[in-house]
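By convention here, the first residue in the shown sequence is residue 1. Atoms within a ligand are numbered from 1 in the order they appear, just like the ligands themselves.
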Amino acid sequence: MRISSESTDYRIYRILSDKPVSGEKLANELGITRTAVWKAVQKLKESGVHLESGASGYRIIGEIELNPYKIARIAFENGFKEVHFYNETDSTNTRAREYGKPNVLFFANKQTAGRGRYGRRWLSEEGGLYFSMTLSPPLDYSDLPKLTLIAGLSVAESIPDAEVKWPNDVLIHGRKVCGILSELHGEVERPLVIIGIGINVENSAPENGISVSELFDMSRKEVFELVLKNFSKNYRMLLSGSWDELRTGIEQMCSTIGKKVRVVTSSGVVEGVAESLSEDGSLVVNGRKIYAGDCIHLR
Ligand code: BTN
């Protein structure tokens, strides 16, 4: 289902989140018929917003913690214009690419064909977080990899003990809790950037992975809200020219730095000590800049 901040159902959700209101008042306030109000209320109910209608009007008496309207509220508060929610889809990155518009957040409770980097699969069972954000940032093409890095930073800032593994994984105690798949689509001058984030939260993580709930008492909603808040803060910083500050933050949270690594790049395998994150976001290994690759921590 698709939710925009102007849609009737979302506006009613926001109004009723504050206080109970009668159907008549809602109809007047939104300039719609009572039937339209009733229909929107049914939509909310079907999406896990529990409503009762009493003397004071419609009242929210509870809701599924991370229902589509809550997701939309969090997304809109952090700069997105539209949310597409799926209980199940193949891959939110694929949905995002098909839709092709910026500032949209695609969210799925499970994915049947979750994709990872290098054609790998991303297991996407219920209990994890799977979402993709589309952006059309006013940045040079060469700056776009920084978006993946700030996405990793944002996730690491949201989960205790988390660290960034260059270029786009987040680990807890050396085990993978989150993977990020960034893809570009459309015009080279102003491409659509798709940032897909998968986080093991309440699902059981695959071998060598870890789930947030194994260690911390955090719900999917809490993790999702923190990641979006941190991403929106870091994205604004990037656009306002504070990359240096962000780079320092990433370096501090990046467990790759100082480790012996093996990076498989398109032009060969590089092995050595990861020294730093350079100005352009590349990893410096034995004095050589690496822009992209599959990185393995050796020790
Ligand atoms: C990786 O570790 O290789 C990246 C994994 C990225 C998984 C996320 S889940 C949401 C989005 N949709 C996908 O199909 N993949 C990304």
Less than 4.0 Å between a side-chain N and a carboxylate O, is that true for Glu77 and Lys229?
no
Quick one: does Leu239's side chain get under 4.5 Å of Tyr235's, heavy atoms only?
yes
Residue and atom name of the nearest protein heavy atom (relative to atom 5 (C) of ligand 1), distance in Å to one decimal
Trp122 CE3, 3.5 Å
Report, in ascending order of atom number, the atoms of ligand 1 lying under 4.0 Å from any heavy atom of Gly114.
14 (O)
Hydrophobic cluster identity match, Ile32 and Ile3, side-chain contacts under 4.5 Å
yes
Proximal atoms of ligand 1 relative to Gly116 (non-hydrogen, under 4.0 Å)
1 (C), 3 (O), 4 (C), 5 (C)
Is there a donor-acceptor pair closer than 3.5 Å between any side-chain N or O of Trp166 and the backbone N or O of Leu149?
no
For Glu183, which of Arg97, Arg117, Arg115 qualifies under side chain to side chain donor-acceptor pair (under 3.5 Å)?
Arg115
Test item: Arg262 and Val270 side chains (from C-beta on) under 4.5 Å apart, heavy atoms:
no
Considering only heavy atoms, does Tyr118 approach ligand 1 within less than 4.0 Å through its side chain, its backbone, both, or neither?
neither
Which of the ligand 1 atoms, numbered from 1, are nearer than 4.0 Å to a heavy atom of Asn93
11 (C), 12 (N), 16 (C)
Taking distance alone, with N or O pairs closer than 3.5 Å, would you say Ser91 contacts ligand 1?
yes
Does Glu88 pair with Lys110 as a salt bridge, N-O distance under 4.0 Å?
yes
Protein heavy-atom partner closest to atom 2 (O) of ligand 1 - residue, atom, separation in Å
Lys176 NZ, 2.6 Å
With atom 10 (C) of ligand 1 as the reference point, say which of Thr94, Thr92, Asn168, Ile199 has the nearest heavy atom.
Thr92
Show the atoms of ligand 1 that are less than 4.0 angstrom away from any heavy atom in Ser132.
11 (C)
Does ligand 1 have any atom that is closer than 4.0 Å to a heavy atom of Gln111?
yes
For the backbone of Gly281 and the side chain of Arg247, can you confirm whether one donor and one acceptor N or O come within less than 3.5 Å of each other?
no
If you count the atoms of ligand 1 from 1 in the order shown, which ones are under 4.0 Å from a heavy atom of Gly179?
2 (O), 4 (C), 5 (C), 6 (C)
Using distance alone, determine whether Tyr130 and ligand 1 share an N or O pair under 3.5 Å.
no
Please could you name the atoms of ligand 1 that Phe131 approaches to less than 4.0 Å, counting only its heavy atoms?
10 (C)
Out of Arg120, Arg115, Arg117, who gets a non-hydrogen atom closest to atom 14 (O) of ligand 1?
Arg115
Is ligand 1 under 4.0 Å from a heavy atom in the side chain of Ala108, in the backbone, in both, or in neither?
neither
Does Ser7 use its side chain to pair, donor to acceptor, with the backbone of Asp9 at less than 3.5 Å?
no
